[in-house]
Engineer: 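This is the structure, below, for whatever I ask next.
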Protein chains: 2
Amino acid sequence: MNGIDLAVSTVIFALRPDADDRLVLSIPLVRRTREPFEGHWALPGGGADAAESLDATAARTLEETTGLTPAYLEQLYCFGEPDRSPSGRVVSIVYWALVRGDEAEQATIDENVAWFPADELPRLAFDHNLIVDYALWRLRNKLEYSRIAHAFLGETFTLTALRQVHEIVLQRPLDPANFRRQIEASRAVVPTGEHVTGGRHRPPRLYRYDATVDLVDRGPLTPAGIR
Amino acid sequence: MNGIDLAVSTVIFALRPDADDRLVLSIPLVRRTREPFEGHWALPGGGADAAESLDATAARTLEETTGLTPAYLEQLYCFGEPDRSPSGRVVSIVYWALVRGDEAEQATIDENVAWFPADELPRLAFDHNLIVDYALWRLRNKLEYSRIAHAFLGETFTLTALRQVHEIVLQRPLDPANFRRQIEASRAVVPTGEHVTGGRHRPPRLYRYDATVDLVDRGPLTPAGIR
DNA sequence: CCAAAAGTGTTAGTTGTACACCCATGT
DNA sequence: ACATGGGTGTACAACTAACACTTTTGG
């Protein structure tokens with residue numbers, strides 16, 4: 001024992017429709033009900049449990065506070081500046097998670113839990129603004145060299161849906177033709193043979209993840225939250 | 001307080017000459033003098049200090065146990081499986097560091113501190129073999145998309161020396177001509193105008209880091225150990 | 001002069017990007 | 001028929017990798 005509290009928090013990302021039905025990269029936050037920072041919004045989390053792995057604590061506290069189950073979960077960074085909490089020394093092990101669109105709809109929403117657009121956050125408790133900035137930076141980087149975008153989508157999806165995930169997260173338009181070829185070349189995805197009907201245009205093919213390809217190369221570490 | 005001990009450890013890398021005077025990627029380890037794992041080699045480190053940042057604790061414990069000062073220091077990962085220490089729950093925040101060749105020669109060496117080739121380690125205490133494997137993976141990845149190789153070298157250096165750093169760490173030969181052009185194109189380095197004389201061949205140019213270019217892009221996080 | 005490493009030039013193959021164009025559907 | 005997004009083809013630029021070649025030193 002050395003007078004240091006150990007906490008686990010998670011930055012959760014989902015793509016949710018806004019008032020105009022456009023998808024927005026969003027983060028659920030919880031309102032603090034006690035000091036310090038009472039009334040401020042903060043990342044969901046909780047104290048570390050002596051009997052539980054850190055991954056498990058992240059998944060559990062995430063579920064307890066928001067009702068969500070992540071499709072992807074990875075440790076982000078450990079924040080431990082001595083002055084980051086006015087109430088004493090707290091070291092936070094922070095995770096980041098991706099949840100699917102349909103899953104995000106089932107999140108607990110009450111006066112103490114709410115979704116915010118990732119790039120329009122209020123002043124958060126502690127150093128949580130910095131933490132979210134870092135998580136956003138990692139998400140955007142990792143999207144470009146891994147297949148994690150799939151974790152935002154359901155079992156099957158069109159390439160247009162996958163491209164829109166990239167476009168929304170990276171905040172820039174992508175050429176549909178070139179995107180298609182990149183994804184096909186990466187072998188991350190296999191056509192189901194089915195099509196989506198009902199649109200006002202040519203029915204797009206449905207694809208499925210190639211489960212034999214890992215979402216991310218994490219080297220010697222066994223991925224925590226890959227399905 | 002929750003019955004969890006918080007420790008900080010560091011994987012330190014340096015390039016040191018072996019018996020045949022060939023440079024080898026090496027790691028200093030300390031021998032444990034008490035249970036658990038008494039007599040086993042382990043990563044240098046120590047308990048977290050309530051008044052000190054994690055970066056500072058890593059730098060301090062690194063200096064206390066090995067006598068080394070790192071040219072580069074970055075947080076690696078936080079390891080916290082419940083069963084990783086037989087003596088109770090320990091969460092380790094692990095850093096990785098690079099030290100320069102001349103600095104490495106000044107390391108404390110006694111019966112309880114010794115250098116090992118990074119790819120020929122004995123069975124280490126706790127999960128430290130996994131940790132070193134992960135640090136190696138990160139080092140090799142990061143070498144390819146950043147300028148951290150410079151942290152192994154002194155103030156000035158030849159491009160051949162820089163290329164040898166890459167070759168040793170990545171364990172494969174690199175084309176000298178293409179390597180030169182890549183480095184020059186990256187603008188990471190500026191010629192000093194001086195040359196190394198005394199070799200049996202054409203005297204190579206000496207280069208210096210371009211201090212206006214960051215070694216690594218760490219996004220919103222301020223780098224810990226960049227000079 | 002010769003060996004060896006420093007440094008430059010050239011070319012072929014690969015990858016990225018822009019954009020023209022055809023395809024299949026609902027209205 | 002036509003608007004709309006799905007999907008294919010193509011051409012050019014940029015980058016990579018392989019390797020021939022020239023330069024400069026010590027012996």
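Throughout, protein chains are lettered first and strands after them, A, B, ... in sequence-line order, and every chain is numbered starting at 1.
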Engineer: Establish, with yes or no, whether the OP1 or OP2 oxygen of dT25(D) is under 4.0 angstrom from a side-chain nitrogen or oxygen of R200(B).
Structural biologist: no

Engineer: Using a heavy-atom cut-off of 4.0 Å across all strands, would you classify T160(B) as base, sugar-phosphate, or nothing?
Structural biologist: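 If one applies the 4.0 Å heavy-atom cut-off, T160(B) turns out to touch the sugar-phosphate alone, with no base involved.
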
Engineer: Starting at atom CD of E184(A), determine the distance to atom C1' of dG7(D), rounded to an integer number of angstrom.
Structural biologist: 9 Å

Engineer: Does the side chain to side chain donor-acceptor pair (under 3.5 Å) test come out yes or no for D55(B) and Y95(B), once each step is laid out?
Structural biologist: CA-CA 8 Å; D55(B) 295 355; Y95(B) 281 72; 2.5 Å; yes

Engineer: Can you identify which nucleotide, out of dA6(C), dG6(D), dA24(C), has its nearest atom closest to the R163(A) side chain?
Structural biologist: dG6(D)

Engineer: How many Å lie between CZ on R180(B) and P on dA5(C), as a whole number?
Structural biologist: 15 Å

Engineer: Going by heavy atoms in the side chains, are L121(A) and W41(A) under 4.5 Å from each other?
Structural biologist: no

Engineer: From CD1 of I183(A) over to P of dG7(D), roughly how many Å is that when rounded to an integer?
Structural biologist: 14 Å

Engineer: Is the phosphate of dT25(D), meaning OP1 or OP2, less than 4.0 Å from a side-chain N or O of T197(B)?
Structural biologist: no

Engineer: Can you tell me if the side-chain N/O atoms of R205(A) get under 4.0 Å from OP1 or OP2 in dG6(D)?
Structural biologist: no

Engineer: Do L25(A) and F152(A) make a side-chain contact, defined as non-hydrogen atoms from C-beta onward lying under 4.5 Å apart?
Structural biologist: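 Yes - at least one pair of side-chain heavy atoms lies under 4.5 Å apart.
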
Engineer: Classify the side-chain pair R181(B)/N178(B) by whether it contains a donor and acceptor separated by less than 3.5 Å.
Structural biologist: yes

Engineer: What nucleic acid atoms does G198(A) come within less than 4.0 Å of, heavy atoms only: base, sugar-phosphate, or nothing?
Structural biologist: nothing

Engineer: Do you know which two heavy atoms are closest between R84(B) and I131(B), and how far apart they sit?
Structural biologist: NH2-CD1, 4.0 Å

Engineer: What about F157(B) and Y209(B), are their ring centers closer than 6.0 Å?
Structural biologist: yes

Engineer: Are R22(A) and D20(A) ion-paired here, with the side-chain N under 4.0 Å from a carboxylate O?
Structural biologist: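 Salt bridge absent between R22(A) and D20(A).
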
Engineer: Could you state the CD-P distance from E167(A) to dG5(D), rounded to the nearest angstrom?
Structural biologist: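 After rounding, the reported distance stands at 13 Å.
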
Engineer: State which residues pass salt bridge (Lys or Arg N to Asp or Glu O under 4.0 Å) with D110(A); sequence neighbours excluded, sorted by chain then number.
Structural biologist: none

Engineer: Would you mind building the protein contact string for nucleotides 9-23 of chain D? One character per nucleotide, 5' to 3', B for base within reach (heavy atoms under 4.0 Å), S for sugar-phosphate only, - for untouched.
Structural biologist: BB------BBB---B

Engineer: Roughly how bent is the helix from dC1(C)-dG27(D) to dT27(C)-dA1(D) end to end, in steps of 10 degrees, with each end axis from five pairs?
Structural biologist: 10°

